[in-house]
Trainee: 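Below is the structure I would like to discuss, written out as structure tokens.
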Amino acid sequence: MAEHRQHESRGKTRRHFFKTTGATAAAAYAAPYILTSKALGDATTPPASDRIVMGGIGVGNQGKSDQGAFLGRPDVQYVAVCDVRKKWRDEGKERVDAKYGTKDCAAYVDFRELLARDDIDAVHIATPDHWHSVMTIAACQAGKDIYLQKPETLTLREGPLMIAAARRYGRVVSGGSQRVLGDYRSIVDPIWAGEIGHVTSIDISVGGPSMLCTLPAQPAPPDIDWDLWLGPAPWEPYNSGRCDGNFGTGGNSWRSYYDYSGGSLTDWGAHHFGGTIFAADLLDLQPTKVTFHPASADGKEAAYVSVAYPNGTEIFHNRPARLRPEPTLTFKDALRIVGDGKSRPAKPVPEYHGGETSIYGDFIACVKTRQRPFRDLEPAVNTMTAPHLIGIAYRLGRSLEWDRATQRFVADEQANRFLDRARREPWII
Amino acid sequence: MPFDLATLDAPFAALKGYDWGADAAWLKTIDDAVVAAHGDAALGADLEQRLAAVLGAGTSRAAKEYACRKLMMIGTAASVPALAALLGDADNSHMARFALERIPAPEAAQALRDALGTVPPGLQIGMIESLGGRGDAASVPALARLLAGDPKLAAAAATALGHIHTPDALAALTAADPLAGSGVGRAVVDARLMTAEALLASGKRAEARSVYEALANAVQGKPGAKGVELAAARGLLACLDTLAAAS
């Protein structure tokens with residue numbers, strides 16, 4: 001693509017550098033790239049050797065916010081954007097160029113072209129969920145570190161494959177829930193201080209699973225590559241309500257629909273489940289039992305689902321108010337947490353690395369040090385397992401048993417059909 | 001109380017003429033019936049027959065897509081012929097796989113294997129993805145043959161062989177060039193590493209170590225292979241960690 005030719009010399013220089021200096025393989029993975037502009041840095045900008053070269057995939061909506069966070073960092077050199085929508089692609093490039101006072105930011109339609117650039121150290125991904133696994137695995141294979149918006153996965157099978165790819169290539173992959181540590185300190189701190197004892201139950205109030213999209217066909221506007229927007233998802237006709245990037249889940253946004261999202265349950269759910277699972281120190285665990293509670297016979301109370309962890313903690317999704325126990329801690333109207341009140345030793349709350357105050361800074365700090373980030377992909381995947389299991393129980397209308405070791409449902413062949421979905425050709429993981 | 005099958009007549013009649021954007025409240029009747037079919041063999045068989053019938057000529061793409069979604073949940077060997085008939089159809093191939101990939105009946109895997117040799121190359125990648133997703137060991141010979149051909153198919157086949165990771169899948173991957181261009185070498189490397197990880201996870205440490213060592217030796221000192229060498233070294237360290245943990 002003509003849009004990125006100007007950067008080829010930079011890529012060649014980097015390859016040449018490693019070839020001719022005999023740099024170690026470890027350096028090839030970790031060292032930032034030599035830049036020609038402000039290479040030595042100044043009072044506010046670190047030298048190029050301390051800057052991380054980044055690009056963004058999906059730079060509208062939440063991606064715009066993520067881009068702004070990275071672009072504002074003096075230790076990041078932002079060089080490329082990718083979006084299947086021209087408007088967002090152009091706006092993303094303009095933000096970068098305006099920041100640096102240049103016209104250098106490359107703009108891509110196809111993420112594979114961005115990942116093929118040797119000079120890019122790290123990417124942030126904020127596409128709809130159906131792209132996350134394909135892009136993350138491809139980025140790992142291309143040697144990029146990744147800041148991946150939540151929810152990190154669309155299906156249960158994807159998580160272990162993404163984690164394996166990250167570990168295989170030694171990549172830093174951070175999940176993208178900025179709220180987990182940022183918003184929930186009022187419940188995190190007392191629990192980690194041992195003030196409420198062992199957490200026995202958590203009630204989470206958040207929307208339900210996604211639905212089938214039946215919106216009519218509309219003419220696709222010329223500024224969107226519709227086939228690439230759909231990617232591995234089933235082909236369906238363009239409709240603005242199918243692909244709009246707003247945060248709603250009641251229709252007229254991609255977050256509403258099964259092919260692209262798990263619905264509110266995994267979208268806002270990623271925050272609420274993420275915050276409580278972190279607070280309750282469940283990050284290393286996955287649920288083992290999934291209980292479907294049918295709607296009341298008179299129809300006044302909707303069905304709800306709970307998951308039980310091997311340490312005895314239960315999480316209830318949208319349990320009717322009359323059945324909820326008196327909480328020990330609450331977070332707004334969304335979370336109600338009950339502790340057993342028994343003595344429990346205090347533990348220090350994990351913080352962002354490098355003294356950073358945001359999840360974005362945490363990611364960059366870890367790109368530099370090769371530490372696992374605060375929201376490492378593995379606990380992020382463990383977290384998302386809970387809403388995924390709950391969603392499947394809602395779809396099947398029955399209770400399930402989950403075997404973490406095999407990553408399969410126990411004695412339920414039909415439930416196992418929901419572990420993954422066939423991807424539309426040519427996309428594979 | 002037995003499900004009243006007659007309640008399905010009107011929704012299925014409507015489904016045959018369904019298109020995106022039409023009033024589809026009646027779909028919920030079919031949705032609910034599919035869920036209710038769990039443990040009700042008669043209802044399941046009736047639904048499967050009705051859904052398979054939607055896949056024939058004279059119905060819309062939207063109707064076929066919906067039927068495939070439901071057959072993903074309740075399909076058996078009985079609906080495989082109707083689904084297999086769509087695998088070579090560019091408009092419907094993916095949704096046929098959407099069902100077939102998840103139907104555990106061996107007939108479903110056979111249909112995907114058969115189609116691998118007959119559908120156009122653009123759709124072949126889909127068959128490869130689904131066979132890899134199923135971990136279908138019987139497809140290894142066919143996938144191995146693709147490793148030396150069209151680069152896109154070869155790369156997809158390598159990935160699928162990595163997911164299958166049987167000894168003969170590994171043998172095919174070991175015979176392939178880990179430094180081949182056009183993305184094939186990267187896929188071959190990735191698949192060999194996947195296989196080693198699977199061996200290590202199943203306690204076959206010596207076999208895993210052999211895979212890592214062979215890969216490291218194959219690429220040692222070659223241009224552009226530093227990442228591969230590092231990944232192999234990381235795998236060898238994992239083998240040592242496993243040994244230390246076991247001792």
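Letters A, B, ... mirror the listed sequences (proteins, then strands); counts begin at 1. Just so you know, these numbers use all the heavy atoms, side chains as well, and skip hydrogens, waters and symmetry mates. Quick caveat, the model's predicted, so the values are computed rather than measured.
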Trainee: Can the positive tip of R69(B) be found less than 6.0 Å from the middle of the six-membered ring of F98(B), inside 45° of the ring normal?
Mentor: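 Yes, R69(B) lies over the aromatic ring of F98(B).
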
Trainee: Which atoms of A233(A) come close to chain B, meaning under 4.5 Å heavy atom to heavy atom: side chain ones, backbone ones, both, or neither?
Mentor: backbone

Trainee: Please classify the contact of R112(A) with chain B as side chain, backbone, both or neither, using a heavy-atom distance under 4.5 Å.
Mentor: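 Looking at R112(A), nothing touches chain B.
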
Trainee: Go through the atoms of I128(B) and report whether side chain, backbone, both or neither lie under 4.5 Å from a heavy atom of chain A.
Mentor: neither

Trainee: Pick one of side chain, backbone, both or neither for M73(B), based on which atoms fall under 4.5 Å of a heavy atom in chain A.
Mentor: both

Trainee: Does the distance from a Lys or Arg side-chain N to an Asp or Glu carboxylate O, for R61(B) and D19(B), drop under 4.0 Å?
Mentor: no

Trainee: Please classify the contact of L215(A) with chain B as side chain, backbone, both or neither, using a heavy-atom distance under 4.5 Å.
Mentor: backbone

Trainee: Sort E65(B) into side chain, backbone, both or neither according to what part of it lies under 4.5 angstrom from a heavy atom of chain A.
Mentor: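 Side chain only.
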
Trainee: Can you tell me which portion of M127(B) sits under 4.5 Å from chain A's heavy atoms? Options are side chain, backbone, both or neither.
Mentor: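 For M127(B), there is no contact with chain A at all, as no heavy atom is under 4.5 Å.
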
Trainee: Give a yes or no on whether the backbone of A139(A) and the side-chain of R171(A) come within a donor-acceptor separation of less than 3.5 Å.
Mentor: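 Pair absent, no side-chain N/O of R171(A) close to backbone of A139(A).
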
Trainee: So which of A217(A), A142(A), A165(A) has the biggest tally of heavy-atom pairs under 4.5 Å with chain B?
Mentor: A142(A)

Trainee: So that I can tick it off, tell me whether D91(B) and K64(B) are bridged by a salt bridge, with the cut-off set at under 4.0 angstrom between side-chain N and carboxylate O.
Mentor: no

Trainee: Quick check on R398(A) against chain B: is it the side chain, the backbone, both or neither that has a heavy atom closer than 4.5 Å?
Mentor: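 For R398(A), side-chain heavy atoms alone lie under 4.5 Å from chain B.
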
Trainee: Please determine, among N416(A), D259(A), L419(A), the option with the most heavy-atom pairs under 4.5 Å with chain B.
Mentor: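 Of the candidates given, the most pairs with chain B belong to D259(A).
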
